[in-house]
Amino acid sequence: MTQKIVVTGIGATTPLGGDAQSTWRALLAGESGITTLEQEWIARYEVPVTFAGQAKVKASEVLTPQECKRLDPSSQFALIAAREAWADAGSPEVEPERLAVEFATGIGGVWTLLDAFDTLKEKGPRRVLPMTVPMLMPNGPAAAIGMDISARGGVRTAVSACASSTEAIANALDRLLSGRVDIVVAGGCEAAIHPMPISAFASMHALSKRNDEPARASRPYDVNRDGFVMGEGAGALVLETEAHAKARGAKIYAELVGGSVTSDAHHITAPDPEGNGAARAVIEALEQANAKLEDVIHINAHATSTPVGDIAEYTALKRVFGDHLDKVAISATKSSTGHLLGGAGAIEAIFTVLALHERTAPPTINLEDQDPAIPLDVVVSPRKLPDGPILAISNSFGFGGHNAVIAFRSYEG
Amino acid sequence: MALSKTEVLAGLAEIVNDETGIATEAVQLDKSFTDDLDIDSISMMTIVVNAEDKFGVKIPDEEVKNLITVDDAVSFITNAQ
């Protein structure tokens with residue numbers, strides 16, 4: 001009999017809140033985490049986009065000064081989310097060799113990298129601190145978590161731009177199903193609200209420029225959407241075999257039933273307009289879940305609020321679900337959180353898990369005039385989901401043509 | 001004007017505290033950086049670089065391995081000023 005994989009812990013630090021529950025409550029309340037950036041570098045560099053979704057709680061308020069000093073901001077967020085998830089799971093007793101970490105980032109330690117280069121230019125190589133490399137490496141967040149919880153069953157980092165953390169969760173599912181480990185802490189993080197990445201994303205016209213209305217800037221599916229809004233933070237899930245979870249009497253939020261990673265091989269940044277790769281990822285995840293299309297009642301969409309991306313995802317979903325798509329409650333939670341890049345899939349996985357657990361689909365804010373080209377049933381205020389076994393998916397797509405989809409089912413015991 | 005040994009110790013203790021969180025009063029002349037204060041090589045290099053900055057001295061890499069105790073470092077810095 002196939003082993004079931006379940007979610008036993010969640011943790012997050014996001015623009016909406018410093019933990020998973022406060023983030024979820026703010027999301028249900030229809031709040032926006034997007035604010036104007038007050039940093040002096042906005043004016044100094046005349047950065048064209050002056051707002052973002054900054055972490056609601058500063059990492060320095062949670063971690064010790066030494067932890068902050070030795071960790072890039074991305075790793076700081078990762079550690080905060082992972083510790084919350086681990087505690088939420090009841091700090092499980094597990095053999096270290098059977099405990100793994102799958103923790104993603106899209107960009108890695110960009111603050112550390114660029115600060116160190118500034119130091120090199122201004123003060124010379126002697127002043128470039130010896131912790132620079134372990135702080136900037138993309139596997140830094142996963143390694144920090146692994147050391148914190150003594151995970152010796154493998155610590156890995158998926159890097160696939162904005163699909164990274166959904167891919168990490170799909171990889172965690174494979175790892176658990178391999179039978180080699182009992183628990184995986186999975187998720188992702190990002191801390192790239194820095195003038196260089198903002199300028200680079202703005203150069204490619206990927207970002208919203210609604211500088212005078214930051215809270216209304218992230219508006220997936222709205223006709224007046226003009227790009228995504230950068231966010232920062234992290235999300236972490238404790239994933240565990242059902243047998244291990246039951247043996248220790250753990251609470252179970254939901255079951256992780258499917259995951260798939262595909263690639264477009266179409267264009268480095270543009271999605272395949274036919275949505276082939278994305279559609280295939282959805283189908284494969286549902287096949288692994290042993291689910292029918294009609295079983296899907298909720299989707300946490302990738303929906304970044306870019307003109308092209310939102311339509312491409314709709315096209316892919318329509319190809320897969322056909323008429324059933326009209327019956328699926330779609331939530332585009334980046335409208336509230338902004339786009340956490342390598343952390344996006346992780347917090348959206350948590351939202352999907354909580355939607356099933358609490359049987360409530362979260363709202364999509366800022367949808368004032370829905371794009372007629374995207375006739376989805378978009379949830380605009382918290383919506384009750386049906387009783388009984390229900391299934392939901394979460395999509396993430398990234399530059400490079402990465403598609404990652406994961407599927408969760410309500411846990412019925 | 002050159003700082004006294006006591007002043008260098010106080011300044012070095014602040015650097016150690018900033019890097020590692022070790023209380024400044026625990027940074028005493030007879031303490032070993034590795035055996036007593038549990039400072040690893042990466043932290044030691046960071047402390048050295050910050051000390052060079054703070055005291056305006058040069059601490060060559062080949063000298064760092066000779067800085068076993070806090071007294072070794074304080075004496076080196078005091079003499080190098």
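Just so it is clear, the structure is predicted and the values come from calculations on it, not from any experiment. Chain letters run A, B, ... following the sequence lines, proteins first and then strands; every chain starts at 1.
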*asked:* Looking at A:Arg180, I want to see if its CZ is surrounded by more than 12 non-hydrogen atoms of other residues, nucleotides or ligands under 6.0 Å.
replied: no
*What are the residues of residues 61-77 of chain B, in order of number, with any heavy atom under 4.5 angstrom from a heavy atom of chain A?*
B:Asp61
*How far does CE of A:Met131 sit from OG1 of B:Thr46, to the nearest 0.5 angstrom?*
8.0 Å
*Where along residues 33-44 of chain B does a heavy atom come under 4.5 Å of chain A, listed by residue number?*
B:Asp40, B:Ile42, B:Ser43
*Around atom CD of A:Glu40, are there more than 12 heavy atoms of other residues, nucleotides or ligands at under 6.0 Å?*
yes
*asked:* Please output the residues of residues 15-30 of chain B in contact with chain A, using a heavy-atom cutoff of under 4.5 Å, in numerical order.
replied: B:Asn17, B:Asp18, B:Glu19, B:Thr20, B:Gly21
*May I ask you to list the residues in residues 104-126 of chain A that approach chain B closer than 4.5 angstrom, counting heavy atoms only, ordered by number?*
A:Lys123, A:Arg126
*Near A:Lys58 NZ, under 6.0 Å, is it more than 12 heavy atoms from other residues, nucleotides or ligands?*
no
